[in-house]
Amino acid sequence: MMPKGLNAESPLSRGIQAFLGFCRMEKGLSPNSLDAYSRDLAGFVAFASPLCSGSYPDAEVLITYLNHLYKKDLSSRTIARHLSAVRNLFRFLLSEGLIASDPSEHLTSPKQWSTIPKFLNRDQVDKLVASPDAAKSSGIRDQAMLELLYATGIRVSELIQLRTLNVDRARGLIRVTGKGNKQRIVPVHPEAIRAIEHYLGGARAALLKGKSSPYLFITARGGPMTRQAFWVSIKINGKKAGIFHNLSPHVLRHTFATHLLEGGADLRSVQTMLGHSDLSTTEIYTHVVRSRLRDTLDRHHPRA
């Protein structure tokens, strides 16, 4: 997969082509991730090619590129994404022996998460989980999905792809397939298991209408649950619960991690359950907890 409009004969373009092939075949990245890499690296090559005279860019070119991104007034998250694509490219080139050293090694990513991720308090979680209409099969399904999201912190893509055979109700475990087709085992607390069993007790069969499906969660038409359908569902149920501030499935993922750390869970365990490959991604939630502690101190300490 070659980014459009690039000179396939330049060393950098050939290196990108090999890198994208590696990401597709060896790492098993999704089409969306591959498209994002392709777009970001196309922009990098378009900028860097005139500066490196047919060779691979050096550290000075990369610094110039990073400054170029800052001057475009992009968000810190977008700049970090571009830089991540470049770093992963050069790590691949180094591992393949195509370059002698990694020029991106000492580049500093912009500070991300300048705003703390949104999460719900315990009362809001209780209201949200109780909001689906339990008289309808779709409501029983939605309640099970919300319980499972809050119980595990899995991504919405992992939730809708979850298969019935990947749920071990007896031991309270699910097997999740995450990014890069990596599998992990996530524990599920009894309340969520009970919600799943209630859903499997009749609501799922009612939604299937005689059809069969390997997927756990099914739409009203009997097909596998889609990301879009669940987004609509969580918005509707959020309004019923009086939660209007940009509620999304990811908010429940943030809530899961924040509540675990507030309860004393260690960061490595949370990282494993969330499926983060890098601990630094999980560390944002320590900022959330510290912010809550700071607020508590300011409000309650007599000398604050």
Side-chain angles (χ1 to χ4, degrees), residues 1-113 155-158 160-161 177-183 226-228 231 248-250 274-278 280-281:
M1 183 195 315
M2 172 59 62
K4 294 179 180 179
L6 300 184
N7 176 13
E9 297 305 313
S10 74
L12 185 55
S13 293
R14 289 198 301 270
I16 289 175
Q17 190 172 23
F19 170 66
L20 293 174
F22 166 78
C23 289
R24 182 176 64 254
M25 303 299 295
E26 300 296 328
K27 297 186 71 175
L29 294 190
S30 69
N32 287 341
S33 296
L34 289 170
D35 287 344
Y37 267 143
S38 182
R39 286 193 305 270
D40 291 347
L41 292 174
F44 171 61
V45 177
F47 178 87
S49 292
L51 304 178
C52 56
S53 303
S55 61
Y56 287 108
D58 57 19
E60 185 176 349
V61 171
L62 295 190
I63 292 171
T64 305
Y65 175 64
L66 186 57
N67 289 334
H68 162 73
L69 294 178
Y70 277 112
K71 289 176 182 177
K72 292 176 69 176
D73 200 27
L74 301 173
S75 69
S76 61
R77 184 179 298 183
T78 300
I79 293 173
R81 192 197 71 223
H82 281 275
L83 187 54
S84 175
V86 170
R87 276 182 170 151
N88 285 322
L89 167 66
F90 279 102
R91 286 170 186 163
F92 168 78
L93 296 175
L94 184 65
S95 70
E96 294 294 301
L98 297 173
I99 54 175
S101 61
D102 182 356
S104 71
E105 183 179 2
H106 299 297
L107 288 181
T108 303
S109 295
K111 184 178 179 181
Q112 296 186 66
W113 298 98
R155 302 174 180 93
V156 64
S157 58
E158 297 167 343
I160 62 176
Q161 292 168 10
T177 302
K179 291 183 176 180
N181 287 325
K182 293 180 181 177
Q183 292 194 338
T226 65
R227 180 193 295 264
Q228 294 81 3
W231 270 73
S248 71
H250 219 66
L274 290 174
H276 286 160
S277 58
D278 192 333
S280 64
T281 308

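Between Tyr65 and Phe47, the two ring planes are tilted [angle within 30° to 60°].
To the nearest 0.5 angstrom, Arg81 atom CZ is 4.0 Å from Asp40 atom CG. If you take OG on Ser38 and CD on Gln17, they are separated by 10.5 Å, rounding to the nearest 0.5 Å. How far OH of Tyr37 is from OG of Ser84: 4.5 Å, rounded to the nearest 0.5 Å. Note that CG of Leu93 and CG of Asn88 are 11.0 Å apart. Values are rounded to the nearest 0.5 Å. With rounding to the nearest 0.5 Å, the separation of NE2 in His68 from NE2 in His82 is 8.5 Å. In this structure, CZ in Phe19 is found 6.5 Å from CG in Leu41, a value given to the nearest 0.5 Å.
Contacts of Ser95 classified as side-chain hydrogen bond (donor to acceptor under 3.5 Å, both in side chains), with partners at least two apart in sequence or in another chain: none. Considering only residues two or more places apart in sequence or on other chains, Glu96 meets the side chain to side chain contact (heavy atoms under 4.5 Å, CB included) condition with Phe92, Leu98. With sequence neighbours left out, Ser104 forms a side-chain hydrogen bond (donor to acceptor under 3.5 Å, both in side chains) with Asp102.
When side chains are defined from C-beta on, Pro57 counts as touching Leu12, because their heavy atoms get closer than 4.5 Å. In this structure, the side chains of Ile79 and Tyr70 come closer than 4.5 Å at one or more pairs of heavy atoms. Between Phe44 and Leu62 there is a side-chain heavy-atom pair separated by less than 4.5 Å.
In this structure, Asn181 and Gly28 approach most closely via the heavy-atom pair ND2-O, 3.8 Å. The shortest non-hydrogen separation linking Gly275 to Arg155 is O-NH2, 3.4 Å. In terms of heavy-atom proximity, Cys23 sits nearest to Leu34 at CB-CD2, 3.6 Å. Glu158 approaches Thr177 most closely through the heavy-atom pair CG-O, 3.5 Å. Among all heavy-atom pairs drawn from Pro50 and Ala46, the shortest one is CD-O, 3.5 Å. Of all heavy-atom pairs spanning Pro249 and Val156, the tightest one is CB-CB, 3.8 Å.
Remark: the backbone N or O of Glu60 is paired with a side-chain donor or acceptor of Thr64 at under 3.5 angstrom.
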